[in-house]
Amino acid sequence: MKECKYCGSQCGDQVVKCPSCGGTKFFTAQEQIEEERRQQKERENEERAVAEPDTGKKRIGGIIAGLLAVILIIVAVIIGLSNRPLSNGMSKSDGDEILESGIAYYESGNYEAAIECFIQLPSDSKQYAKASDMLASARAEYKESALSKVNNYIQQENYDSAFNVIETATLLVGNDSDLNAAYEEVYTELVSSMLATADSYVENSDYEIALEYLSNCQNRFPDDFDLENAYNDTFNEYCSLVKSDSISTADEAASNEDYVTAINALRNAISIIGQDEEVSAKLSIFESSYQEYVLSQAGSAFASDGYSAAIDILNGGLTTLSGNNLLLDAIAGYEEYKPVYILDLTPVDTGADGELTVIDNVIGIDGTEYGVGISGKHFDGIGSLRYWNKYLINSQYSTLSFRVVLTSVQYKDYQTPSISIYGDDNQLLRTITVSKNDIAPVDVSVDVSGQAYLKIDMDVYNWDNYTYVAAIVDARLEK
């Protein structure tokens, strides 16, 4: 197909003359393609011409928005920098307040407080220069005030207060030749006064107070050689005195067989002065002497008073000679003589009317409590009632000991409370009569040597008012 150039009619490729207008010129296929391209381009140019004004407006708006964003960022940075904390973490507003406080303190004459404020401001503070100038002025004023106070205290010989002032001044003012000179002067005078005070305690023989005082001084000035030497000299002198006194006391006490006092004196000396060859040797001698003394006393007590007396002495010795093997062995050796308490034995026979009564807590007529005891009946004046206990002791014991406690005086005069002790074959060994006058317990000892049997018969019951008028406590058999 081809197109007529005059009327635009479409004609076949073989036509030479347009059937519509009679024209003889046609567009070739190539020319048609190029014409379509041209028209397409014209249409695009027309569309672009319409769109360009809107695009320009949008571009200008974008530029303006960008400029505003940049401005906002710059403002934010400026604000952030202005509020950024100082190098020590302090806010700038806090720094301003501290500076104002320091100036107020300075103007009121409180230079110490002013210094404390000014030194807080770091070098990156905008107020640093002013604070530095004010700090220098405050330190100068404070220095003069401190030196004046120190001189006044020195004149009063109050070196402790003078030192406190100069010490604080050197901390607040820093390295200063005038303060350093004053410090050395005051320090020297203070130490001298400390040594004099310690000497006064020693002169009064108050060594322990002197040593405690010097120890406190050393804690304050640990590097001072004069104080250290004074403490060592005082301690050595005190140790020599303690040693001498302890040996003298121990020798005198031991000469009177008071070994406990002798031993304690030497042990106390060692606790103060530490191990000392001479004191330790003395202590060993007196401990050995006391050991032999205790063993001897225990043997004598056993021979005269029995097992319990010997054990009491040995236990007393152990309070001073704790863990002493010879004393412990002696106690073990006496175990075979340990008394047997009647309450721990089982009767092999009792009275026709009953056995003795166990009382949980015997109470004397004066209200004293004696613990568990025993009592019995057969106190009606007729003698028809029998209450007693008989025990098998196999001739192993030599003594029966007990205490008689009066528990009531409510019985008639003709009535006589009594306690009778029998051995083999009903042999009467002893009768104890209870008296209304026996307010205190009566200690009783009965010889039961060679007896295979032991019988206790108690006639102490008042049938008129059904009360026990007496009881026995601590009844025991000893070898």
Side-chain angles (χ1 to χ4, degrees), residues 110-116 119 138-250 264-280 282-283:
N110 189 346
Y111 302 116
E112 181 176 349
I115 293 171
E116 293 288 355
I119 61 177
R139 280 175 168 169
E141 296 289 348
Y142 182 76
K143 167 188 168 182
E144 295 304 319
S145 175
L147 290 174
S148 176
K149 290 180 181 179
V150 167
N151 289 331
N152 289 335
Y153 283 132
I154 290 177
Q155 291 176 5
Q156 300 169 16
E157 295 186 352
N158 187 351
Y159 302 111
D160 196 68
S161 295
F163 184 81
N164 289 336
V165 172
I166 200 68
E167 186 177 37
T168 302
T170 55
L171 292 174
L172 290 175
V173 176
N175 188 20
D176 180 271
S177 59
D178 294 333
L179 291 179
N180 291 341
Y183 183 95
E184 291 299 325
E185 178 185 358
V186 173
Y187 178 81
T188 300
E189 293 293 345
L190 177 58
V191 171
S192 296
S193 69
M194 289 176 170
L195 295 174
T197 300
D199 287 340
S200 68
Y201 288 134
V202 172
E203 289 173 1
N204 293 325
S205 297
D206 293 327
Y207 286 93
E208 293 181 357
I209 297 177
L211 289 170
E212 182 180 2
Y213 176 74
L214 287 171
S215 178
N216 291 335
C217 292
Q218 281 188 291
N219 290 336
R220 187 174 180 183
F221 304 121
D223 298 325
D224 191 282
F225 291 108
D226 291 335
L227 291 175
E228 181 181 358
N229 291 335
Y231 181 89
N232 292 335
D233 291 343
T234 303
F235 181 73
N236 291 334
E237 184 177 340
Y238 178 50
C239 288
S240 178
L241 181 64
V242 168
K243 174 180 176 180
S244 175
D245 288 348
S246 66
I247 291 176
S248 176
T249 300
N264 288 337
L266 295 173
R267 286 177 177 174
N268 182 61
I270 291 175
S271 70
I272 294 172
I273 68 177
Q275 288 299 324
D276 180 90
E277 185 175 348
E278 183 178 1
V279 175
S280 297
K282 280 274 186 182
L283 177 61

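The stretch residues 235-244 participates, sequence neighbours left out, in these side chain to side chain donor-acceptor pair (under 3.5 Å) pairs: Y207-E237, E208-Y238, K243-D276, K243-E278. Note on residues 213-224: pairs passing side chain to side chain donor-acceptor pair (under 3.5 Å), not counting sequence neighbours, are D160-R220, N164-R220, Y187-D224. Within the structure, side chain to side chain donor-acceptor pair (under 3.5 Å) contacts touching residues 188-205 (residues at least two apart or in different chains) do not occur. Residue pairs meeting the salt bridge (Lys or Arg N to Asp or Glu O under 4.0 Å) criterion with at least one member in residues 175-184, sequence neighbours excluded: K143-D176, K143-D178.
Here the shortest heavy-atom pairing between L179 and G174 reads CD1-O, 4.4 Å. Listed here is the closest heavy atom pair of T234 and A210: CG2-CB, 4.3 Å. Nearest approach of L147 to A182, heavy atoms of both residues: CD2-CB, 3.8 Å. Nearest approach of A146 to V165, heavy atoms of both residues: O-CG1, 3.8 Å. Among all heavy-atom pairs drawn from I154 and A162, the shortest one is CG1-CB, 4.4 Å. Here the shortest heavy-atom pairing between D226 and L195 reads O-CD2, 4.0 Å.
Taking K282 as the reference, D251 meet the salt bridge (charged side-chain N to carboxylate O under 4.0 Å, His left out) condition, with sequence neighbours excluded. The ring pair (Phe, Tyr, Trp, His ring centres under 6.0 Å) test applied to F235 returns no partner, not counting sequence neighbours. For the side chain to side chain contact (heavy atoms under 4.5 Å, CB included) test, residues two or more places apart in sequence or in another chain that qualify with Q275 are I270, S280. Taking Y142 as the reference, nothing meets the ring pair (Phe, Tyr, Trp, His ring centres under 6.0 Å) condition, with sequence neighbours excluded. Residues satisfying the side chain to side chain contact (heavy atoms under 4.5 Å, CB included) criterion with S161, sequence neighbours excluded, are Y153, N158. A138 is linked by a side chain to side chain contact (heavy atoms under 4.5 Å, CB included) to Y106, A114, I115, F118, counting only residues two or more places apart in sequence or in another chain. Contacts of D233 classified as side chain to side chain donor-acceptor pair (under 3.5 Å), with partners at least two apart in sequence or in another chain: none.
Although no hydrogens or angles enter the test, the distance criterion places no donor-acceptor pair under 3.5 Å between the side chain of S145 and the main chain of E141. Under the 3.5 Å distance criterion, the side-chain polar atoms of N268 are left unmatched by any main-chain donor or acceptor of N264.
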Test side chain to side chain contact (heavy atoms under 4.5 Å, CB included) on N175 and T170; report intermediate values, then the result. CA-CA 7 Å; N175 188 20; T170 55; over 6 Å; no
Before giving the answer on side chain to side chain contact (heavy atoms under 4.5 Å, CB included), spell out for V150 and E185 the whole-Å C-alpha distance, their side-chain angles and the decisive distance to 0.1 Å. CA-CA 10 Å; V150 167; E185 178 185 358; over 6 Å; no
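Interatomic distance, S246 OG to I273 CD1, rounded to the nearest 0.5 Å: 6.0 Å. E228 CD to F221 CZ: the interatomic distance, rounded to the nearest 0.5 Å, is 15.0 Å.
E116 places a side-chain heavy atom less than 4.5 Å from the side chain of I119.
When the shell of 6.0 Å around CD of E277 is examined, it contains 12 or fewer heavy atoms from other residues, nucleotides or ligands.
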